[in-house]
Amino acid sequence: MLNRALRGAALAIFLIVAGLGQSLLAQSSLGGSINGTVTDPSGATVSAASVQLANQETGVVTPTTTTSSGQFVFPVVSVGEYTITVSAAGFSQSVIKGISVMPNKPTTQNVVLKVGATTQTVEVTASQVHLETETSQQGTSFDQSTYADLPLALSGAPRAATAFSDLMPGVATAPTNSSSFSEPGEVEIFSQTVNGGQTLASEVYYDGVAMLQTNVAGDYRYQPVPVEAISEFTLVQDNFSAEYSRTPGGIISLNTRSGTNNWHGEAYEYNENNAMNAGGQFNPIVPAERQNEFGASIGGPLRKDKTFVFGYYSGFRFKSTKPNFLTTIPSAPEVTGDFSGLTNAHGQVKIYDPTTTTFDSGTGLYTRQQFSCNGVLNVICPSRFTTVAKDFIPYIPTNYLNNSQDGSANFLGAGFTNDSYNRYGGKVDNYFGSQDVLHAFYGFSPYQVYYPTEVYKFPFTGIGFQEPDGAHVARISEDHTFSNSVLNYLAIGFNRDVATYTSPRTLSKLTFGIANIPDVTPAFSFGYGSAGWGDPGQRIIENGIALSDFVSIIKGKHTLKIGGELRHYQDNTTPISSSQFNFSSTEPTRSLHGLANVVVLRIGT
């Protein structure tokens, strides 16, 4: 058993010092930040003004005061819609509504106070047009309501938010990649480039922590959280801030949904059925294909303005048939030992009995006699069949297209797909007053995919893995405000992926009595095709743990941000032991046909 552990730790220390009005503020990866300057009608700054930030969905209020230079900042703000209320002695209260906070982006909202009594209120609606002046980092974001309205087609796998990356500017499929990938998501991860970068170089973040994978970094092929449980999608494309300095590709950042002060729930189903598809002009038979994705979610308050929960379930079922294809298998006469019709471009192909081998010392040559049964040449008598051959022949299909023995296609192969996915999880957000916020998320996704190619009978079914898998993802983070000028953000992430890749024959213990081989059905190769895929599969367990922490310190017009990240990778791969027998098309029978060798050779003796 191969058991290897990869343990890696990457520590990134970053320090950013700049003018506050032009700095990248310390937004959390769970959200963004809000900053601004409070001035009077003459443009003079107003110090010691009270600034309150209220989340319009949860009602949670976070207070601060302006500095001596009239600056205010909320370094870590969850994504959503907010209202800012500013009041100061000698000025009317100012209320700005509809301030949108997007993930990984600072939002600037300056406030001009009007002279008047503090009992007077001036309401303003925030502008939805923002010019990015805080950072050179390039990225594209949109929220759940936006991508809920976008069509995301069923494509043989559960819908995933990572698919939206194809819609982003600067994202393209590498033109040099000519592989014909068939597993959903393979084209994206193996061919996608961001801003001309290399493939296989992206990362996927959930709630500010990367999915740590040792096999393929940022694997898009399967994501354990459904679209309906994602609140915001962001693709960070270029000029990464210090937190994202480890990859030459793009960063897909996904924030999971939270509950609000009102209970909301939804149920959905997406269905595609070949019964609703029309046949073509030249191919009126509609291939069987049934896709069904369904689920439900609910979120709301456990304690109003304090504790919020959100839970979800999503299921996906997919069944389809693969296109038929022409292939060659041992012909009906050949499985009875009759090779008299075996021909090539030069005529009959003679097969020779290895038990009749003689050596001519004068010429130094070996000679053999042509097979003969009851006087008929190129026929192997049934009495010569080995036990392994007798036991294996029933697994050769009999619905031939023809009885040709010239090596041309004589069988119509097929295949099918039968996949089942389940994804469920939940999130809790708790506000301990105005200085501490705790976020906790867990998702689990057991799934199984089965996509064999059918030629020989089970368990000698051709290429195709049966994969009983499961993926776990957990995130815990805390925002702690020590004062109006010092804030700490701590995040811990864990993900685990258990994947068992097995070819159909590894599910069987049919060994035909062959000695000294693993207790798994062997594969047989005849020189022009194989009964049973040669790759028996493997079991992979990937674990990833990440710890991220940073402190934001605001001093006058300057912001200091310092932090680090520790990553732990672990990979345990155990190959499945099996055996494969490859029969030459030339030795020892000189038959140009591997089956003749299966018939007469005593395997394992």
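All values derive from a computational prediction rather than experimental measurement. Quick note: residue numbers are just sequence positions, from 1.
- Side-chain contact between L487 and F74 is absent, with no heavy atoms from C-beta onward closer than 4.5 Å.
- For the atom pair CZ (F308) and CG (L302), the distance works out to 9.5 Å, reported to the nearest 0.5 Å.
- Between T66 and S47 the shortest heavy-atom distance is OG1-C, 3.2 Å.
- Once rounded to the nearest 0.5 Å, the distance linking CD of Q109 with CG of N35 reads 10.0 Å.
- When only modelled atom types and interatomic distance are considered, R539 and N572 share no side-chain donor-acceptor pair under 3.5 Å.
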**OP:** Evaluate the criterion side chain to side chain contact (heavy atoms under 4.5 Å, CB included) for residue pair V309 and I298; output intermediate values, then yes/no.
**Re:** CA-CA 8 Å; V309 295; I298 188 171; over 6 Å; no
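- Between Y312 and G443, the shortest heavy-atom contact is OH-CA, 3.7 Å.
- Rounded to the nearest 0.5 Å, atoms CG (L438) and CD1 (I476) are 7.0 Å apart.
- Contact annotation: the side chain of E293 approaches that of S314 to within less than 4.5 Å [non-hydrogen atoms, C-beta and beyond].
- Using a 4.5 Å heavy-atom cutoff, the side chains of Y424 and S297 are not in contact.
- Here the closest heavy-atom approach between residue V111 and residue S94 is recorded as CG1-OG, 3.7 Å.
- For the pair D419 and Y447, the minimum side-chain heavy-atom distance is 4.5 Å or more.
- Between E232 and the options N255, T256, V101, a side chain to side chain contact (heavy atoms under 4.5 Å, CB included) holds for only N255.
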**OP:** May I have the step-by-step check of side chain to side chain contact (heavy atoms under 4.5 Å, CB included) for F316 and Q291, ending in yes or no?
**Re:** CA-CA 7 Å; F316 178 80; Q291 300 187 70; 3.8 Å; yes
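- Taking CG from D40 and CZ from F91, the interatomic distance works out to 5.0 Å, rounded to the nearest 0.5 Å.
- For A296 against Y268, the heavy-atom pair with the smallest separation is N-CE2, 3.9 Å.
- Annotation: side chain to side chain contact (heavy atoms under 4.5 Å, CB included) contacts of V486 (sequence neighbours excluded): F482, S483, V551, I553.
- At distances below 3.5 Å, not a single donor-acceptor pair connects side-chain atoms of N543 with backbone N or O atoms of R496.
- No option in F444, F441, Y206 other than F444 meets the ring-ring contact (aromatic ring centres under 6.0 Å, His included) test with H472.
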**OP:** Could you check Y431 against T307 for side chain to side chain contact (heavy atoms under 4.5 Å, CB included), going step by step and ending with a plain yes or no?
**Re:** CA-CA 6 Å; Y431 292 79; T307 307; over 6 Å; no
Original post:
Given the rule in the side chain to side chain contact (heavy atoms under 4.5 Å, CB included) test, do T64 and V73 qualify, once you have shown the distances and angles that lead to the verdict?
Top reply: CA-CA 8 Å; T64 189; V73 60; over 6 Å; no
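- Using a 4.5 Å heavy-atom cutoff, the side chains of I492 and V209 are not in contact.
- R423 has no carboxylate O lying under 4.0 Å from a charged side-chain N of E228, or vice versa, which leaves the two without a salt bridge.
- Using a 4.5 Å heavy-atom threshold, the side chains of I99 and I34 count as touching.
- Here E57 contributes atom CD and H264 contributes atom NE2; the two are 7.5 Å apart, rounded to the nearest 0.5 Å.
- Using a 4.5 Å heavy-atom threshold, the side chains of V225 and I230 count as touching.
- Residues A546 and L212 share a closest heavy-atom pair of CB-CD1, 4.0 Å.
- Between S258 and D429, the closest heavy-atom pair is OG-OD2, 2.9 Å.
- One finds the CG atom of N430 at 10.0 Å from the NE2 atom of H439 (value rounded to the nearest 0.5 Å).
- The side-chain tip of R159 points at the ring of Y270 from less than 6.0 angstrom away and within 45° of straight on.
- Remark: the T62 side chain and the Q52 side chain contain no N/O donor-acceptor pair separated by less than 3.5 Å.
- No side-chain donor-acceptor contact under 3.5 Å links E81 and Q56.
- For the 3.5 Å distance criterion, the side chains of R317 and N422 qualify, holding a donor opposite an acceptor.
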